[in-house]
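Both ligands and their constituent atoms are indexed starting at 1 by order of listing. Only this structure's heavy atoms are used, side chains among them; waters, hydrogens and symmetry mates stay out.
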Amino acid sequence: MSDQKIPLAAVLGAPVSHSKSPLLHSFWLRRYGLPGHYIPIHVEQADLQTVIRTLPLMGFIGCNVTIPHKESVLDLADTVTDRAALIGAANMLTFRPDGKISADNTDGYGFIENLRHGAPDWSPRDGPAALFGAGGAARAIITALIDAGVPEIRLTNRTRTRSDALRKEFGARITIYDWVQAGNTLDGATTVINTTSLGMEGKGEFRVPMDGLSPDALVTDIVYTPLQTQFLQRAAEMGCRTVDGLGMLLHQAVPAFERWFGERPEVDEETRQVVLGG
Ligand code: ATR
């Protein structure tokens, strides 16, 4: 019997049972006929360091990281990519053969790729982006938009201190608006993004006066349960192109799968259906 190691990968979180990542990576392993396993592991904060030090000894080549560990894993990594450092969080760790741990964040990459696939003629350089929310997802998306050359980000968040802090950190391309003026950010915006958790099943709806929205704008939502949020439906009724949030989840997984299992996976309709059905 061959004793060649079968690559193992995981997603660490608490809770972790809702994560779609095991379904997605397992599907790609089957699709490309690759050896490997990808499993969810529930890890409490107090055990994080022990688990991360132990995984490579057990044959794990990397792991994704989800809530609440995305920030704290940075302290456990030997190297951190520029984008993960800028975002202040990582969503993937790679356990290298030399024993070092490298941390990266592909959430912003997943966001941009999702829009590029969903609307091939869209460019973040086309005009201002109106962005709602100032949490962890917003940080990743702001970093990616600035890196991709967006001229201006109009930022609105319910808690003003959080958006002010992002302005201070990310600089002059961010303009702050009050939550009650959210609709004013839409005038002339070419990209419109909901990064709040509003619109998700069980939460309230995300509502913003949409009179100023141009039908040329591309509108997207990071919420993907439901896929067609009311916000996206209203934008579509106004003639806008819309891209749902599921693709961000799928595309952020591509660099990790390629690095760990050696094949660049395709995100297509079958991939979407597998994840939706799971
Ligand atoms: P994530 O890491 O997924 O972005 P988060 O850090 O909890 O999660 O951020 C959630 C975002 O949704 C925040 O911008 C939050 O606004 P606050 O900073 O004011 O909390 C926003 N959000 C959540 N519930 C909201 C609500 N009921 N009304 C307005 N904004 C809300």
For L246 and V275 the tightest heavy-atom approach is CD1-CG1, 4.0 Å

- Message: With a 4.0 Å cut-off on N to O distance, would you call D98 and R96 a salt bridge?
- Response: yes

Here the pair of heavy atoms bringing E44 nearest to A14 is OE1-CB, 4.2 Å

Practice problem: Give a yes or no on whether D268 atom CG has more than 12 heavy-atom contacts from other residues, nucleotides or ligands under 6.0 Å away. | Solution: yes

Which pairs of N or O atoms, one from ligand 1 and one from the protein, are separated by less than 3.5 Å, and what is the distance for each pair?
unit_1, atom_1, unit_2, atom_2, d
ligand 1, 2 (O), G136, N, 3.1
ligand 1, 4 (O), G136, N, 3.2
ligand 1, 4 (O), A137, N, 3.1
ligand 1, 6 (O), G136, N, 3.4
ligand 1, 6 (O), R162, NH2, 3.2
ligand 1, 12 (O), S197, N, 3.3
ligand 1, 14 (O), A134, N, 2.9
ligand 1, 14 (O), N157, OD1, 2.7
ligand 1, 16 (O), N157, OD1, 3.3
ligand 1, 18 (O), N157, ND2, 2.8
ligand 1, 18 (O), R162, NH1, 2.8
ligand 1, 19 (O), R158, NE, 3.0
ligand 1, 19 (O), T159, N, 3.0
ligand 1, 19 (O), T159, OG1, 2.5
ligand 1, 20 (O), R158, NH2, 2.9
ligand 1, 27 (N), R158, NH1, 3.3

Point to revise | Within 6.0 Å of CD1 in I67, more than 12 heavy atoms from elsewhere | key: no

* Would E269 and R272 pass as an ion pair if we require N to O under 4.0 Å? -> yes

